[in-house]
Amino acid sequence: MEKNIAVIKGDGIGPEIVTEAMKVLDKVAEKYGHKFNYEQLLMGGCSIDANGVPLTDETIERCKASDAVLMGSIGGDTTKSPWYKLPANLRPEAGLLKIRKSLGLFANLRPCLLFSELSSACPLKKEISDKGFDMLIMRELTGGLYFGERHTEEVNGVMNAVDTLKYDEKEIRRIAIKAFDVAMKRRKKVTSVDKANVLDSSRLWRKVVEEVAKDYPEVTLEHMLVDNSAMQLVKDPAQFDVMVTENMFGDILSDEASMITGSIGMLPSASMNETKFGLYEPSGGSAPDIAGQNKANPIATILSAAMMLRYSFDMNDEADAVENAVRQTIKDGFRTGDIMSEGMTLLSCSEMGSKIAEYI
Ligand code: NAD
């Protein structure tokens with residue numbers, strides 16, 4: 001198969017970690033007889049330096065013309081970089097919001113996986129972390145409370161502020177379909193998180209999710225209230241496979257879930273639209289404190305590339321090969337600095353990429 005990948009290396013550690021993900025993709029291409037064509041594009045601080053804006057229309061068009069986007073991270077040191085003296089709409093992060101909107105990326109997928117070899121980094125009780133967990137949070141990204149009408153006004157001398165949580169059934173249906181599609185590629189269980197005992201928007205959410213579930217008889221559906229979900233995540237995360245939820249609930253729960261995995265350098269993510277198109281990036285930022293030192297952990301970006309293979313290209317065996325290579329590398333005791341512990345072998349960013357490519 002031949003695929004065109006738009007590559008946005010970005011700022012800080014971005015170029016280092018994306019280079020390693022490309023190294024692994026090239027190995028996959030060689031082994032499985034595919035051809036990946038890369039087009040390198042600028043976004044974030046490097047685009048501000050080159051073009052005066054964090055994201056050009058040309059870059060958006062090139063991304064749209066590709067089969068998927070692989071991204072590093074963007075932004076710099078927010079206290080020192082001159083990028084942060086610019087107006088908010090010209091700062092590096094403005095590019096992120098614009099690209100997600102322009103590409104219609106409404107579903108954010110964040111796998112949270114605890115490797116048993118790294119369970120000491122997990123802040124949960126040992127009997128829970130020893131079991132490990134492998135779940136994926138799917139957050140609705142373009143609706144709900146963050147995009148509803150809002151205003152602040154004074155009423156009879158008292159300040160009032162209003163935010164609106166609105167979803168229409170189409171918005172719920174498309175994210176539910178995405179969740180069930182992803183569950184079909186995993187352990188076939190969906191937990192839909194809402195607050196249906198209080199909120200109308202949640203009651204509609206629950207009704208539409210149940211309708212969608214009828215088309216996926218192999219997938220088990222359960223509903224869980226958001227407050228209970230927050231508790232269950234720290235009590236028994238192994239019970240979850242795919243958790244689907246609205247924007248704000250997902251914002252909070254996905255941060256909670258990433259915290260219990262212990263290391264930001266290990267967490268991939270994807271944002272997808274209605275088609276198989278997606279933007280794949282690590283969950284962490286540009287880590288300016290270690291940029292340019294060949295110290296960053298490229299695993300989150302390499303696992304993001306594996307998600308691209310699985311969800312955009314339907315290359316399941318290839319995605320398994322990448323994930324297994326990462327698992328074997330960790331099992332054999334190879335570590336970057338952020339996950340280093342006694343008795344393990346310390347690798348640089350580029351050495352880690354080479355080791356994983358070697359294991360493909
Ligand atoms: P950060 O995630 O960049 O760094 C937090 C800490 O985690 C740092 O100590 C860093 O060294 C470490 N870290 C992060 N990724 C790592 C990796 N792959 N390997 C090893 N260590 C890693 O968060 P921050 O410091 O709050 O933000 C830095 C910049 O990144 C800011 O400009 C911020 O706006 C931007 N940012 C971008 C994205 C994105 O591109 N999607 C996301 C978050 C933050």
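FYI, side chains are in, hydrogens and waters are out, and symmetry mates aren't considered; it's all heavy atoms of this structure. If you read the sequence from its start, that first residue is 1, and numbering goes on from there. Because the structure is predicted, anything quoted here is derived from the model rather than measured. All ligand and atom numbering here is 1-based and tracks the order in the structure.
- Residue-to-ligand polar distances place S286 within reach of ligand 1: an N/O pair is separated by less than 3.5 Å.
- Taking a cutoff of 4.0 Å between a charged side-chain nitrogen and a carboxylate oxygen, K355 and D332 do not qualify as a salt bridge.
- Backbone and side-chain nitrogen or oxygen atoms of G265 are examined, and none is located within less than 3.5 angstrom of a nitrogen or oxygen of ligand 1.
- Looking from atom 18 (N) of ligand 1 to the surrounding protein, the closest heavy atom is N297 O, 3.0 Å.
- Taking atom 31 (C) of ligand 1 as the reference point, the nearest protein heavy-atom neighbour is G76 O, 3.4 Å.
- Of all protein heavy atoms, the one closest to atom 25 (O) of ligand 1 is P288 CD, 4.6 Å.
- In terms of protein heavy-atom proximity, atom 35 (C) of ligand 1 is nearest to I74 O, 3.2 Å.
- Applying the ring pair (Phe, Tyr, Trp, His ring centres under 6.0 Å) test to every pair with at least one member in residues 181-218, sequence neighbours left out, gives these pairs: Y167-W205, F180-Y216.
- K189 and E222 are joined by a salt bridge, as a carboxylate oxygen and a charged side-chain nitrogen come within less than 4.0 angstrom of each other.
- For atom 21 (N) of ligand 1, the nearest protein heavy atom lies under 4.0 Å away.
- For the pair D57 and K98, the salt-bridge criterion is met [side-chain N within less than 4.0 Å of a carboxylate O].
- Using a 4.0 Å cut-off between charged side-chain N and carboxylate O, R203 and D200 make a salt bridge.
- Protein heavy atom closest to atom 12 (C) of ligand 1, with residue, atom name and distance, is I264 CG2, 4.2 Å.
- Taking a cut-off of under 4.0 Å to the non-hydrogen atoms of G75, the atoms of ligand 1 that pass are 32 (O).
- Less than 4.0 angstrom separates some heavy atom of E93 from each of these atoms of ligand 1: 31 (C), 32 (O), 33 (C), 34 (O), 35 (C).
- Between K23 and E20 a salt bridge is recorded (basic side-chain N to carboxylate O distance below 4.0 Å).
- Between R100 and E281 there is a salt bridge, since a side-chain N of the basic residue sits under 4.0 Å from a carboxylate O of the acidic one.
- Side-chain atoms of N273 come within 3.5 Å of backbone N or O of T275 as a donor-acceptor pair.
- A salt bridge does not link K295 with D338: every distance from a Lys NZ or Arg NE/NH1/NH2 to an Asp or Glu carboxylate oxygen is 4.0 Å or more.
- Below 4.0 Å from some heavy atom of E281 lie the following atoms of ligand 1, by number and element: 41 (N).
- A salt bridge does not link R310 with D317: none of the charged nitrogens is closer than 4.0 Å to a carboxylate oxygen.
- Per-atom contact check: atom 41 (N) of ligand 1 touches the protein, criterion being a heavy-atom distance below 4.0 Å.
- We find that E211 and R173 are joined by a salt bridge, their nearest charged nitrogen and carboxylate oxygen being less than 4.0 Å apart.
- Hydrophobic cluster membership for V69: I8, L41, M43, L55, I60, M71, I74, L96, I99, L103, L105, F277, L279 (Ile, Leu, Val, Met, Phe, Trp, Tyr linked by side-chain heavy atoms under 4.5 Å, directly or transitively).
- Comparing D289, I290, T79, T78 by heavy-atom distance to atom 10 (C) of ligand 1, the nearest is D289.
- Ranking the protein heavy atoms by distance from atom 2 (O) of ligand 1 puts G285 N, 2.7 Å first.
- Counting heavy atoms under 4.0 Å from ligand 1, residue I13 touches it through the side chain alone.
- For atom 5 (C) of ligand 1, the nearest protein heavy atom lies 4.0 Å away or farther.
- Of all atoms in ligand 1, listed by their number and element, those nearer than 4.0 Å to a heavy atom of S73 are 40 (O).
- If you check which protein heavy atom lies closest to atom 3 (O) of ligand 1, you get A287 N, 2.8 Å.
- Set against the non-hydrogen atoms of A296, the atoms of ligand 1 under 4.0 Å away are 19 (N).
- Ranking protein heavy atoms by distance to atom 39 (C) of ligand 1, first place goes to L96 CD1, 3.7 Å.
- Atom OG1 in T59 sits 6.5 Å away from atom CG in L42 (nearest 0.5 Å).
- For ligand 1, the atoms lying closer than 4.0 Å to a non-hydrogen atom of Y84 are 32 (O).
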